Amino acid sequence: MLRIVVLGAAAGGGVPQWNCGCPVCRTARSEQPNIARTQASIAVSRDGAHWYLVNASPDLRQQLIATPQLHPKSGQLRHSPIAGVILTNGEIDAITGLLSMREGSPYTLYAHARVLDILKANSIFNVLSDKNVKRLPIEIERAFEPTLPDGSPSGIEVQAFPVPGKGAWYLEGKAHPTGGDAAGDTLGLRIADKASGKYFFFLAACARVTDDLKTRIKGAPLVFFDGTVWRDDELVVAGLGQKTGQGMGHIAMSGKDGAIESLAGLDIARKVFLHINNSNPVLFDGSDERRHAEHAGWQVPSDGTEITL
Ligand SMILES: [Zn+2]
């Protein structure tokens with residue numbers, strides 16, 4: 001059995017974002033606090049005792065407080081059920097939560113070499129000592145089994161694959177510590193319970209759905225997918241910024257090449273949006289966009305949603 005908890009469903013900045021007065025952020029601060037969401041991350045467990053985070057958002061501390069499954073075991077002075085963190089990219093909203101996990105509890109950090117190089121190049125991450133936090137490279141298309149704190153196998157199999165995306169925006173126009181092209185900057189994950197064979201996909205960042213990707217995820221029991229914007233020019237039209245969804249490496253939900261249309265007919269049992277930007281009207285309960293998404297079989301999760309496979 002796999003247990004998955006959505007720790008946060010929002011894109012970078014969260015809902016509401018500190019400096020944003022858009023309709024969604026304003027409403028989240030006032031009449032509908034239930035539409036507030038923290039920045040995207042999930043936790044996965046097979047046994048309910050040991051958990052792996054997929055990405056560590058800047059809201060991690062708040063997310064851990066809100067998630068009883070991730071509290072220290074009662075009776076223990078120092079303990080965390082978090083056995084590891086798997087990073088799918090080097091964006092600020094995926095890595096800065098690591099700085100809230102610096103108090104000496106051991107865990108393993110899994111990331112592509114390009115993301116590990118970003119961490120290595122930023123001395124602030126040296127606060128995670130090699131002794132407590134082992135950093136292991138993820139190789140593309142090579143499945144691995146994260147270990148439990150005592151070194152034994154977790155029974156969970158993770159396979160990473162590259163998806164169309166963009167490198168971290170703070171490195172835009174600058175040299176990447178690894179150099180070379182962007183392969184490995186944005187990963188999708190297939191996470192499986194080895195015993196039951198149950199599996200799901202994590203694709204919280206994806207710029208477009210290729211035929212290869214369709215083949216890969218066809219028939220999956222569960223897919224978490226990039227829900228950053230409803231329409232590609234949403235931020236521009238709302239006067240919030242100059243970047244399109246594509247310009248940020250994110251597919252739109254709507255439109256001919258959008259996520260809803262692209263994943264229709266792939267026989268995916270459960271489709272859940274993640275990494276939803278605060279500009280996205282799908283966050284409003286009862287909006288036309290929400291109805292459209294739900295009618296097409298998509299879920300817009302609240303923080304804390306638990307899914308069992
Ligand atoms: Zn906003």
Side-chain angles (χ1 to χ4, degrees), residues 6-42 55-63 65-66 88-97 100 165-170 172 186 203-207 224-255 258-260 271-294 296 298-305:
V6 176
L7 300 180
V15 186
Q17 177 177 308
W18 72 288
N19 63 345
C20 191
C22 80
V24 173
C25 289
R26 279 203 317 272
T27 309
R29 279 189 203 95
S30 52
E31 64 261 40
Q32 285 183 45
N34 63 305
I35 67 175
R37 281 166 175 79
T38 60
Q39 295 165 82
S41 172
I42 62 169
N55 295 333
S57 99
D59 299 320
L60 184 66
R61 178 178 172 279
Q62 178 187 348
Q63 293 168 342
I65 292 169
T88 60
N89 63 70
E91 288 286 6
I92 286 173
D93 60 348
I95 64 174
T96 42
S100 298
K166 286 203 109 180
W169 68 264
Y170 58 87
E172 230 168 63
T186 307
L203 290 148
C206 182
F224 290 98
F225 201 78
D226 188 338
T228 308
V229 288
W230 178 257
R231 45 182 281 182
D232 187 53
D233 60 357
E234 180 173 298
L235 286 156
V236 182
V237 170
L240 293 169
Q242 296 307 312
K243 286 198 168 174
T244 59
Q246 282 296 308
M248 299 183 293
H250 296 289
I251 192 173
M253 289 183 177
S254 67
I260 293 174
K271 294 177 277 194
V272 182
F273 279 123
L274 265 193
H275 198 271
I276 307 165
N277 196 55
N278 58 68
S279 57
N280 191 331
V282 85
L283 288 164
F284 281 124
D285 297 329
S287 64
D288 288 348
E289 291 82 359
R290 172 71 72 86
R291 275 200 296 272
H292 182 108
E294 288 180 346
W298 286 83
Q299 185 181 356
V300 176
S302 301
D303 292 3
T305 297

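Just so you know, ligand 1 is whichever comes first in the structure, and atom 1 is the first atom listed for that ligand. Values reported hereafter were calculated over all heavy atoms of this structure, with side chains retained and with hydrogens, waters and symmetry mates removed. Because the structure is a prediction, the values reported are computed rather than measured.
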Do the rings of Trp298 and Phe273 sit parallel, tilted or perpendicular, given the 30° and 60° boundaries?
->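 Parallel: the ring planes of Trp298 and Phe273 meet at under 30°.
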
Output yes when a side-chain donor or acceptor of Glu234 lies under 3.5 Å from a complementary backbone atom of Asn280, and no otherwise.
->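 The answer is yes, because a donor-acceptor pair under 3.5 Å joins these two groups.
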
For the Zn ion (ligand 1), how many protein N, O or S atoms come closer than 2.8 Å?
->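 Considering protein N, O and S only, the Zn ion (ligand 1) has 4 within range.
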
Side-chain touch [X]/[Y], heavy atoms, less than 4.5 angstrom:
X: Ile35; Y: Asp285; answer: yes
X: Val300; Y: Arg37; answer: yes
X: Cys20; Y: Leu240; answer: yes

Just by distance, with hydrogens left out, do Asn278 and Gln17 show a side-chain donor and acceptor under 3.5 Å apart?
->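 Yes, side-chain donor-acceptor contact under 3.5 Å.
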
